[in-house]
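First the structure, in the form of structure tokens, and then the observations on it.
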2 protein chains.
Amino acid sequence: MKQNLSDDLLQQLKECLFTGALLPGAELTSQRRMSASLKVSRATVREAVGQLEAEGYVEVRHGGKTRAKNLLEPHFNMSLGEGKALGDNPEFQRQVLEVRAMLEGEAAFYTAQRATDDQLKALDAEYRKMQQRQQETTLEKAKEDLRFHMMIAESSHHLLIISFSQLFYTRFFNAIYGVLIRTLKTNGRYPEGIRAQHSAIHQAIMQRDAEAARSAASEHILYTRRHLEKD
Amino acid sequence: MKQNLSDDLLQQLKECLFTGALLPGAELTSQRRMSASLKVSRATVREAVGQLEAEGYVEVRHGGKTRAKNLLEPHFNMSLGEGKALGDNPEFQRQVLEVRAMLEGEAAFYTAQRATDDQLKALDAEYRKMQQRQQETTLEKAKEDLRFHMMIAESSHHLLIISFSQLFYTRFFNAIYGVLIRTLKTNGRYPEGIRAQHSAIHQAIMQRDAEAARSAASEHILYTRRHLEKD
DNA sequence: ACTCGAAACTGGTCTGACCAAAAGCCTAGG
DNA sequence: CCTAGGCTTTTGGTCAGACCAGTTTCGAGT
């Protein structure tokens, strides 16, 4: 079962990618460092990294750092969501909310179960920052909201959820933002329920109550959807 | 439009393969000769040849000559072999199951709510067909199972769920299939719970009971996951 | 004619060097 | 304060030449 050194290394690197030890967007150690720490030549490292790139798992730029790619990205280039045409479509916005409801519910669930203490601490800090800042533009509020949810997703230790969340939030930001705009228009102001819901999610995760976290996160999104349906 | 030297060479070699200048079984010139005749270093040649091998176009044996493979071969591997490392990874398999649990739960939920009568009829027909056929290979059972779930997803009238399901099932079929194989190995036979669970999903959707459909579909997947964790 | 081993291939790895692109840093000028 | 500009470091891309390890080839000795 002995194979090439470079194949060994390739396998090893893939392992890191599939288990989530190397998250999408994370930087790989440089070829020279790998070469030194693994006691193989840089040529061998290059061979392995080259394969990884060819298979679409990492992105390597001359002079820049090599970083892990999102596993789902190559398969997510559909005509969907490109542009705000879809972002303004109420039916599409509704669907985005429904997916968010399940996605963020699951993310919160696994985060409550698996987040490291450091991640919980960072999440707590972000939450408090979010609670303080008040007078901001709608756009900033939306971004802040997304950052909070993205942090939860990243703490889930669930490669697929992390990958999908990344793609989803970036691709469909327009639709998500559009929902907020429309809510403000219909409702007159930022719905007062949001604050309490964020608090509930935060609290459930901090107490590592997975089920509560899931339903709180899910409810948070469905609450927004109900606001939208009043039209 | 200038790219890497090795990429240039890779492209060039592919040309030879696709135009038939290099027929299946033919020997490639050695890396040293290429390096000399093209005035590039052997490292560059190796990079290109390595890619070719990774893509399945040539076969290279230590000490022996490198020869062109049958062009159709990579496409056959595509159906099953793409990313074998990924499909065999237990941790990844578990994550795939978890995503399936939420994805298929939601799909069943919306299908129960929104499927047209025609879609329900087609689903019913597929279900009955599935119940009849018994003696089949594991592979065929897996495909059948996936077809059933894909039909549910397609009946959900939910663009995002449909799109994601399609990508997910085709892309990660290996991991899904790997789960089945592993279950069979651990368990000795096809778990008897599956049949009843399919029935429960089918029944809930037919009665348009969305909540029941969701939990039945979700439970179906989680049941499989539990089987896997017995190791 | 056959066998077998040396020699001449092949690909796999290593070393250390240089180039070019990107990133980081640090200073001078707003 | 901080931003724009250059300088240095770090990164990936390529190169040369060497050695190791399998394969193949082919001729000498039987």
Side-chain angles (χ1 to χ4, degrees), chain A residues 1-17 21-70 73-74 140, chain B residues 1-17 21-70 73-74 85:
Chain A
M1 191 45 196
K2 195 56 188 160
Q3 41 181 354
N4 290 346
L5 287 185
S6 56
D7 286 350
D8 277 343
L9 177 53
L10 177 59
Q11 191 99 12
Q12 203 172 326
L13 287 173
K14 278 186 181 175
E15 203 78 11
C16 292
L17 287 166
L22 271 173
L23 262 39
E27 298 167 355
L28 271 70
T29 55
S30 83
Q31 297 175 359
R32 283 180 176 82
R33 286 183 202 285
M34 275 193 204
S35 156
S37 67
L38 298 179
K39 271 122 175 171
V40 296
S41 81
R42 196 169 147 235
T44 303
V45 174
R46 280 188 57 74
E47 186 110 5
V49 174
Q51 300 290 337
L52 267 191
E53 184 190 18
E55 291 178 41
Y57 292 122
V58 300
E59 179 187 7
V60 27
R61 285 152 45 238
H62 184 177
K65 293 175 181 174
T66 300
R67 39 182 62 243
K69 286 214 294 192
N70 191 307
E73 190 157 1
E140 278 176 39
Chain B
M1 193 45 193
K2 195 59 188 157
Q3 42 182 352
N4 289 347
L5 287 185
S6 56
D7 286 348
D8 277 343
L9 177 53
L10 177 60
Q11 192 122 2
Q12 204 171 325
L13 287 171
K14 279 187 182 174
E15 291 285 320
C16 294
L17 288 165
L22 273 172
L23 266 49
E27 298 168 356
L28 298 216
T29 55
S30 82
Q31 297 174 0
R32 283 180 176 81
R33 287 183 199 286
M34 276 195 203
S35 158
S37 68
L38 298 178
K39 272 124 177 168
V40 296
S41 79
R42 189 152 86 95
T44 304
V45 174
R46 281 188 57 73
E47 186 110 7
V49 174
Q51 301 289 337
L52 268 191
E53 184 190 17
E55 291 177 41
Y57 291 120
V58 300
E59 179 188 7
V60 27
R61 285 154 45 238
H62 183 176
K65 295 176 181 174
T66 300
R67 41 182 66 242
K69 290 213 295 192
N70 191 310
E73 210 161 322

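Below, chains carry the letters A, B, ... as their sequence lines are ordered, and counting in each starts from 1. Heavy-atom basis, side chains included; hydrogens, waters and symmetry copies ignored.
- With sequence neighbours excluded, the residues forming a side chain to side chain donor-acceptor pair (under 3.5 Å) with B/T44 are B/S41, listed by chain and number.
- Along DNA chain C, the stretch of nucleotides lying under 4.0 Å from any heavy atom of chain B spans, 5' to 3', C/dT10 to C/dT13.
- Partners of A/R42 under the salt bridge (Lys or Arg N to Asp or Glu O under 4.0 Å) rule, at least two apart in sequence or in another chain, do not exist in this structure.
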Intermediate values then yes/no, side-chain contact (heavy atoms from CB on, under 4.5 Å), A/E55 and A/L10: CA-CA 11 Å; A/E55 291 178 41; A/L10 177 59; 4.2 Å; yes

Derivation and outcome, side-chain contact (heavy atoms from CB on, under 4.5 Å), residues B/L38 and B/V45: CA-CA 9 Å; B/L38 298 178; B/V45 174; 5.6 Å; no

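- Scanning for side chain to side chain contact (heavy atoms under 4.5 Å, CB included) contacts around B/E53 gives B/V58, B/V60, with sequence neighbours left out.
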Nucleotide-resolved protein contact map, nucleotides 4-17 of chain D, B/S/- at heavy-atom distance under 4.0 Å: -------BBBBB--

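- In this structure, the side chains of B/M34 and B/L28 come closer than 4.5 Å at one or more pairs of heavy atoms.
- By the salt bridge (Lys or Arg N to Asp or Glu O under 4.0 Å) test, B/E27 is found to be paired with B/K65, B/R67, residues two or more places apart in sequence or in another chain being considered.
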